[in-house]
Structures are given as C-alpha cells and as structure tokens.
K.L.:
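This is the structure, below, for whatever I ask next.
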2 protein chains.
Amino acid sequence: MAALREAVRQADAPFENVILKGDCVAALERLPKASVDLVFADPPYNLQLDGGLTRPDQSVVDAVDDDWDKFASFADYDAFTRAWLLAVRRVMKPDAGLWVIGSYHNIFRVGAILQDLGFWILNDIVWRKSNPMPNFRGRRFTNAHETMIWAAKSADARYTFNYEAMKAFNDDVQMRSDWLLPLCTGAERLKDGAGRKLHPTQKPEALLARVLLASSKPGDLVLDPFFGSGTTGAVAKRLGRSYVGVEREQAYIDAAEARIAAVEPIAPAALQLLRGKRAEPRIPFGTLIEAGLVAPGAILVDARGRHRAEVSADGTLRSGAHRGSIHRVGAAVQGFDACNGWTFWHIEAASGAVPLDALRQKLRDDMAAAGG
Amino acid sequence: MAALREAVRQADAPFENVILKGDCVAALERLPKASVDLVFADPPYNLQLDGGLTRPDQSVVDAVDDDWDKFASFADYDAFTRAWLLAVRRVMKPDAGLWVIGSYHNIFRVGAILQDLGFWILNDIVWRKSNPMPNFRGRRFTNAHETMIWAAKSADARYTFNYEAMKAFNDDVQMRSDWLLPLCTGAERLKDGAGRKLHPTQKPEALLARVLLASSKPGDLVLDPFFGSGTTGAVAKRLGRSYVGVEREQAYIDAAEARIAAVEPIAPAALQLLRGKRAEPRIPFGTLIEAGLVAPGAILVDARGRHRAEVSADGTLRSGAHRGSIHRVGAAVQGFDACNGWTFWHIEAASGAVPLDALRQKLRDDMAAAGG
DNA sequence: TAGCCGCGTGAATCTACGG
DNA sequence: GCCGTAGATTCACGCGGCT
C-alpha cells in the first residue's frame, strides 16, 4: 500500500526525496518549473579569511578553508548569488517561501539581490547562538548570531505561515524574530571516518525544524540547493515533508542519504507537542546603568560600610587603585580571588542600603512583565 | 548671547557641538576632510510602507505592481545611500568607526553598498527589543529587533574598541553581538505640543550610550548625519564626547537643541576608560633585571614545573638548546609558534612560584607611584 | 553511582609597534 | 610600506576519565 502510494507519487512528482548531484544552477534545470513549496538555502558565506587563528592556549581553530567558500571579489559573489537565486526562483511555486541563512560577510549582498529579483522579504530572523565561539583576540564583539531572511516569491504571494502553531510552540505568545538555539554539536554532529566533523557548517536540526514548522505544511516539497550533510532532508522527513537536495560532493551525498534513511518520521499528532524552552535572562551590571537604576558616579558600599567604590559610565567600579567589574573590585578590596559583586555591593536608597542584586531582580521582573 | 556663544565655539572648534541645517550630503561638504572619530547614522528607510512605495525625497512611486518601478525605487534608495555614505566617508578620520542602524527594508542594501565603498564590517549587532510592537495581523513573526552594522573605514584601520570596558560591563564575559534593550518610551520620548511623539523613530539613549562607550573615547567627535531628535548629541554630551549633527527639519533642530542643553555631563572621573594590558606602557624583560627583581642566573619554571630556563644577564633565556626572549623560549619548549612569556614563566619566591607578570605589575605600580 | 575535572571545539573577515 | 618580534587573547557545553 505504501509502495503503491510511493509509486503514484513518483509518477506524479519524480523529484521528491532525492539528492541531485552537481552544480546548483545546472541541477535545478532538471526540476520542473513551479514545483517546490519551500526553499531553504545555506549558501557559501564568502568569509574571506586570511591566515590562521589560534586560541589563547595556542590550539588551532579549525576554520572554513574549503574551495567552495572562495570568491575573487564581491562582484563574483554577487554573480554567483544572482545565478542560484534565479534558478531557485524558477522552480518555486507562486506562493512558495524562501529562506536564506548567512552572516555579515554575505547576508547583506544576498538580501539586496533578493529584493532586486522581486522577492518580498517577510522577516529577517536572528539565530542567537547559546554557545558561540568567543572572539579570541578581544578586538570585536563576540559574533554570536547568524541571520536568516524569510521571503515570498512576490509581494502578493499567499505564503504559508502557521501562526497558531508558532504561538503555541512559544508558550502562547507570538514567536519573535530572534531565536535562541545551540550550535550543532555532540552526537548530532556528523563525523568522518577519523572522528573529525564531516561538514564544516552543519546546521542544528532544531533550527530547520522551526523553519519547516513555521512556513510549510505536511506533504510540502522542500528544496535545499546547498544540501551538504542533509539536515534539511532529515528534518523534512521527520516532520512529514518531502525534500529535494542539490549537492556537488559525493561524500556529503553518501553521508546525507545514510543519515536520512535512519530518520523515523514522527506521528503527525506529535507535532503539536514540540515546545521551546525559554532561558532566564542574564542581566549584566551595565544594564542597571542603562535602565537608570544606578547612575554613573554613584557610590556603592559593602553591607558593613567598610569599603566604598564609585560607578563609572562604562559599568566598571573604581575603589582606590582598583578598577574593573563589580566582581573584580569586590574581590580586590577584600583581598580575595573572587567575589559576587551582586550581593557584596549595596547602594543607598530611602529605605537603607540595597544590594545590587535586588535592583537586578526588579529589572528582571519588569522585563518578564514586558514579555522580554 | 547665543550668537556670541556660537561665535566663540566656532573659533575654538568650528564644528563641534553644532547642528548643521540642511540636506545631509550638502551639509557635510562644510566639514573638513578626515575630522570625525565616529559616525552614527539612522538613515530613513521609507520603503514599501503599507504597500506604497516612496522615494527618499518623499515623492510617491506610481504603479507599485510594476516590477520596473520597484527596480527604480530600489535604485533611487541605493543612489541616496551611496551619496550619503561617500559624504560621510570623506569626513571620517582614517581610523574612524561607522555605525548604521536599519531594518530588513533597507539594511541589506546599506550593508552591500558599505562593502562596495571599501568599508570593512566589524560586526553586525542585533538590537533585541524587550518590548516590541506585536504583529497585529498574525501573518509574520513579531518584528522584535533592528540591525546595526559596525564598520571601520578600511580593512587595515586601527579602530577604537573598548574591549575591557565592554567585558566588565557584561559581568566579565565578552559582550555579544545581540543586545537586549527596551524601546524609547515614557519620559525619555520627546513629545510635541499636542502630546504626540515628536519623532517617529527616536532611538533609546541606552543604545547610543553602549555604542559610544564601546567604540569612542572621551573627547572624540561623533557625527550623526540624520540627527532627528538629537539622541546622539544628548548621549555624546553626557558621556564627554563632542557631536556634529545634520538635520533638515527646523522643528527637530529646535527640539534637539533644547534637549541637549538640559543634559548634565557625567563627571570626567566616571568616564575614564578601563585600560587593558594593551594600553599599559611596555616594559621589556631586561628592565626587571635592571631593577633587581630578577637576578642573572636565576631559574625560571612554568606553572606545572615541566620546563626550566636560566636567565642571562642580557635579558634572554636559555633552556637546553633554546636561546632567546622569554616569549621565544617559552614557545620553543612547548613546541608552539607563540607564547606569552610574562604569564608562562614563574620565579620561585618565599610565597611560592610567582609569574613574571606579577613582577612587571609591581614595577608598573612603583613607576606610577613615583609619578613616572 | 554520582560527581568533579580536564580537554576538545564551534561559519572567525581576530595585534601592535618599531626599525 | 615591509618585516620582524613583543606579547595579548576565550565561552559554553559535551565527553571521557578518574575519584
């Protein structure tokens, strides 16, 4: 019965649940026009890395140095982007949706070209990484997110968005444009024969799951023109969607096929049970200054009034020759190695000295009440 | 009186703490080349609102369903963006930084043009709004963030980044690329005579404060080419920075001037930057020998006692066949390319093994106490 | 067993200065 | 402007080994 159904589907739509080998643009010419319901694309980021990078302990960072991420110029990258977006556009149904993920190296170029080609941006979604790689040289902010653009084929498309499902998924408040998810690590990360990561940029299944649950229906055909290790296919199968992948390297195709074959689709009813977890917001000391609860120049004291420190505008404290965070200065004035500045330092208020921790709790309550 | 004050200010530093009235590009021609340290720009992104398209000059685009007109409109916006970015680029010092804030309507075009003009993106920063406006029609994700691009004028620029201050601000972990901050509401939001909000997109002062604290020094000149209600000027004055604004509408200029006049600057002592080791005066290892803190012939060991080296009178170390600076020999004995000899090597003292870095710090403290 | 600790690692445009 | 060298720099989490 299942075999019969499959045979009918194949005759009807011969490109479901297959991986096409080859260059993205050429391979997409084999697909019929207006045949896919959703596209998820993870194109090369054009990182433009120059030289190696080591951690402070001198270990080497395993960076993306593959040939597929090398472009001679922005113009070359733009031409590449325009070509694959046009090829993808041809096979999209009129109401199909498109997702593209990238970083600041490439996402602005992708977004501008998308708009130039007539795609209609619906949201930009920020994937906030709960465990990003730190900045090892201390010369920039920690690059802790990637950006996804969600677009329809045109401004008047009747795209799919499962609003109610997303709201239920998110504890009955609207799903926001910033998603907190961990990197793909541990057992989920595919390894090669030597135990090294198979693919340098494997995306977490939770990310794809949220994309497919939000913007596709069961039975939809999902295209991934940069299939890689097959995360899109694995999640599509698990969630009762079909997939078409395009990939150039046979090693990735082999790994993806084995991976997808091992996936057990979940019962449709179980889709309802997925829930996102919400982390308690961490509030740094600087936020108290930004919120106006502590003024630059304010004097902090410890509970017994033995130590004093002055608050600087940048969120550091000064006490005599000591300078640094509330924790560092708290430790220094006591001659300790460590100190919890939140409970050690107090600020004068009408009701007496209040620990910083109490102000932080107040801010946390306010933010929770505001839905943050 | 105001005119006199203005004249004096002009003589002293002709373009500090003023608002230039007029079109952004034309007004910037009045500023000298390479004169500003930092730029914060909140350009208009009046595209695609309510299905209608308007050009940057507010003229209405006809026939919004027409693909050609969409192209024309994007092209107009791109030309506008290129023009003001070029004008800004001219007045930036070689090591100046640039911030641009926008949403998915415009930020991709701005980012791509930035790169085309030779700016070097350092981070894209996501402002996560703790209290965003909900999505009323339930057809998209709640648009809960805006994007800021932080860029240097060129790839080899030595831009300002107060890494240590940001880290202390954030409870001693690196500041990430996603910032959670509330919208500008309540008393901070400027109102017009009728109690309506004065400016449609007034940014919160906390956002500007973090930008200026991260990427400028006290006394720096900050340019805002789309001054609006003057948030950049107000925060700059409060944080001991100078500002130049450009604004077309007199109503905004009047409101901004009154607003900035009421700002009380923070005491300079509370503005001192937290200096990291990088900013400390350099002390060669030989100085420790000259000061008698390390004797020629002394034996150095690493923290775990695995490696030993002998100090020569000329400030080099010897360990087996290895000979050279504390850094070279530290790297060689470990088989690494690099090593920080100050933290790697220890010397025996009554209280146990002390890193060379502690001796160096003692020397620095002594020199500071001596007024050196 | 449970818990502690060390180790490995992730899409990264990652130094500054003097000669 | 090139080149050589001093010397500054990391967070979250999973896993395996040891107590």
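Quick note on labels: first sequence line is chain A, next is B, and so on, each numbered from 1.
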K.L.:
Can a donor-acceptor pair under 3.5 Å be found between the side-chain atoms of A:R55 and the base atoms of C:dG10?
P.N.:
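Yes, a donor-acceptor pair under 3.5 Å.
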K.L.:
Just to be sure I understand the geometry, which residues of residues 284-292 of chain B put a non-hydrogen atom under 4.0 Å away from DNA chain C?
P.N.:
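The stretch gives none, as no residue of it lies under 4.0 Å from the strand.
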K.L.:
So what does B:R360 touch, heavy atoms closer than 4.0 Å: a base, only the sugar-phosphate, or nothing?
P.N.:
sugar-phosphate
K.L.:
How would you list, by chain and number, every residue that makes a side chain to side chain donor-acceptor pair (under 3.5 Å) with B:E310, sequence neighbours excluded?
P.N.:
B:R318
K.L.:
Could B:R306 and B:D302 be called an ion pair, given the rule that one side-chain N must be under 4.0 Å from one carboxylate O?
P.N.:
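The answer is no: the pair does not qualify as a salt bridge.
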K.L.:
Between D:dT10, C:dA12, C:dA11, which nucleotide has the shortest distance from any of its atoms to the side chain of A:Y45?
P.N.:
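Selected nucleotide: C:dA11.
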K.L.:
What is the nucleic acid contact for A:T201, judged by heavy atoms within less than 4.0 Å: base, sugar-phosphate only, or nothing?
P.N.:
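Contact class for A:T201: base.
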K.L.:
Check the distance between C:dA12's P and A:H145's NE2 and give it to me in whole angstrom.
P.N.:
13 Å
K.L.:
Under the rule for side-chain contact (heavy atoms from CB on, under 4.5 Å), what residues qualify as partners of A:D62, not counting sequence neighbours?
P.N.:
A:K197
K.L.:
Between B:Y163 and D:dT10, does any side-chain N or O lie under 4.0 Å from OP1 or OP2?
P.N.:
yes
K.L.:
Output the rounded distance in Å from CG (A:N135) to C1' (C:dT15).
P.N.:
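Between C1' of C:dT15 and CG of A:N135: 12 Å.
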K.L.:
Mind checking A:D66 for me? I need base, sugar-phosphate or nothing, with any heavy atom below 4.0 Å counting as a touch.
P.N.:
nothing
K.L.:
Any salt bridge between A:D57 and A:R55, counting N to O under 4.0 Å?
P.N.:
no
K.L.:
C:dA12 C1' sits how many Å from A:E146 CD, rounded?
P.N.:
11 Å
K.L.:
Start at the 5' end of DNA chain C and walk down; is the nucleotide closest to A:P43 or to B:A157 reached first?
P.N.:
A:P43
K.L.:
Could I get the full list of side chain to side chain donor-acceptor pair (under 3.5 Å) partners for A:S177, not counting sequence neighbours?
P.N.:
B:H145
K.L.:
Write down the distance separating the C1' atoms in D:dT10 and C:dG10, rounded off to the nearest Å.
P.N.:
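Taking atom C1' in both D:dT10 and C:dG10, they lie 12 Å apart.
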K.L.:
Which part of the nucleic acid, if any, lies within contact of B:G276, taking any heavy atom under 4.0 Å across all strands shown: a base, the sugar-phosphate backbone alone, or nothing?
P.N.:
nothing
K.L.:
Applying a 4.0 Å non-hydrogen cut-off, can you work out what B:G324 is touching in the nucleic acid: base, sugar-phosphate, or nothing?
P.N.:
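Since no nucleic acid heavy atom lies under 4.0 Å of B:G324, the category is nothing.
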K.L.:
Who pairs with B:A298 by side-chain contact (heavy atoms from CB on, under 4.5 Å), at least two apart in sequence or on another chain?
P.N.:
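Per chain and number, B:A298 pairs via side-chain contact (heavy atoms from CB on, under 4.5 Å) with B:V294, B:V311, B:I347.
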K.L.:
State which residues pass salt bridge (Lys or Arg N to Asp or Glu O under 4.0 Å) with A:R109; sequence neighbours excluded, sorted by chain then number.
P.N.:
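Expected list: A:D78, B:D116.
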K.L.:
Please work out if B:L122 contacts a base, only the sugar-phosphate, or nothing of the nucleic acid, heavy-atom cut-off 4.0 Å.
P.N.:
nothing
K.L.:
Would you please confirm or rule out a distance under 4.0 Å between OP1 or OP2 of D:dT9 and any side-chain N or O of A:R140?
P.N.:
no
K.L.:
Taking atom P of C:dA11 as reference, at what distance in whole Å does atom CG of A:L183 sit?
P.N.:
5 Å
K.L.:
Roughly, in whole Å, what's the span from CH2 in A:W127 to P in C:dA11?
P.N.:
7 Å
K.L.:
Looking across every strand, which nucleic acid part, if any, lies under 4.0 Å from A:D69 by heavy atom: base, sugar-phosphate, or nothing?
P.N.:
base
K.L.:
Nearest whole Å is fine: how far is D:dT10 P from A:R137 CZ?
P.N.:
10 Å
K.L.:
Looking at C:dA11, does its base get a donor-acceptor pair with the side chain of A:K129 below 3.5 Å?
P.N.:
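In this structure, the two groups form no donor-acceptor pair.
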K.L.:
Between D:dG17 and C:dT1, how many Å separate the two C1' atoms, rounded to a whole number?
P.N.:
15 Å
K.L.:
Establish, yes or no, whether a centroid distance under 6.0 Å links the rings of A:W179 and A:W127.
P.N.:
no
K.L.:
Mapping B:D156 and B:I283 to their closest nucleotides on DNA chain D, which lands nearer the 5' end?
P.N.:
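Closer to the 5' end of DNA chain D: B:D156.
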K.L.:
Indicate, with a heavy-atom threshold strictly under 4.0 Å, whether A:W68 touches base, sugar-phosphate, or nothing.
P.N.:
base
K.L.:
Starting at the 5' end of nucleotides 12-17 of chain D, put B wherever the base has a protein heavy atom under 4.0 Å, S where only the sugar-phosphate does, and a dash everywhere else.
P.N.:
SSSS--
K.L.:
Using heavy-atom distances to pick each residue's nearest nucleotide on DNA chain C, tell me which of B:Q115 and A:R139 is more 5'.
P.N.:
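Residue closer to the 5' terminus by nearest nucleotide: B:Q115.
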K.L.:
Given the P atoms of C:dC14 and D:dA12, what is the spacing between them in whole Å?
P.N.:
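Rounded to whole Å, the distance is 22 Å.
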K.L.:
Can you name the residues that form a side-chain contact (heavy atoms from CB on, under 4.5 Å) with A:N46, not counting sequence neighbours?
P.N.:
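For A:N46, the residues satisfying side-chain contact (heavy atoms from CB on, under 4.5 Å) (neighbours in sequence not counted) are A:Q48, A:F71, A:F74, A:Y77.
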K.L.:
What residues, two or more places apart in sequence or in another chain, satisfy side chain to side chain donor-acceptor pair (under 3.5 Å) together with A:R323?
P.N.:
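Side chain to side chain donor-acceptor pair (under 3.5 Å) check on A:R323 returns A:T316.
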K.L.:
Taking atom CG of B:D95 and atom OH of B:Y159, what is their separation to the nearest 0.5 Å?
P.N.:
11.0 Å
K.L.:
According to a 3.5 Å limit on both distances, what stems of 3 or more consecutive Watson-Crick or G-U pairs are formed with DNA chain D?
P.N.:
C:2-10 with D:11-19, C:15-19 with D:2-6
K.L.:
Give a yes/no answer on whether the side chain of B:H327 brings an N or O atom under 4.0 Å of OP1 or OP2 in D:dG7.
P.N.:
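Checking B:H327 against D:dG7: at least one side-chain N or O falls below 4.0 Å of OP1 or OP2.
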K.L.:
Measure from the side chain of B:K167, starting at C-beta and using heavy atoms only, and say which of C:dC7, D:dT10, D:dA8 lies closest.
P.N.:
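Output: D:dT10.
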K.L.:
Sequence neighbours excluded, which residues qualify as side-chain contact (heavy atoms from CB on, under 4.5 Å) partners of B:A291?
P.N.:
B:L293, B:L363
K.L.:
Who are the side chain to side chain donor-acceptor pair (under 3.5 Å) partners of B:S216, not counting sequence neighbours?
P.N.:
B:R241
K.L.:
In whole Å, I'd like the distance from the CG atom of A:N143 to the C1' atom of C:dA11.
P.N.:
9 Å
K.L.:
Need one value for B:E164: base, sugar-phosphate or nothing, where a base atom within 4.0 Å counts as base even if backbone is also close, heavy atoms only.
P.N.:
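B:E164: backbone/sugar contact only, no base atoms under 4.0 Å.
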K.L.:
Tell me the interatomic distance from A:M133, atom CE, to C:dG8, atom C1', rounded to whole angstroms.
P.N.:
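These atoms are roughly 12 Å apart.
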K.L.:
Looking across every strand, which nucleic acid part, if any, lies under 4.0 Å from B:S325 by heavy atom: base, sugar-phosphate, or nothing?
P.N.:
sugar-phosphate
K.L.:
Cation-pi between B:R210 and B:F169: NZ/CZ under 6.0 Å from ring centre and within 45° of the ring axis?
P.N.:
no
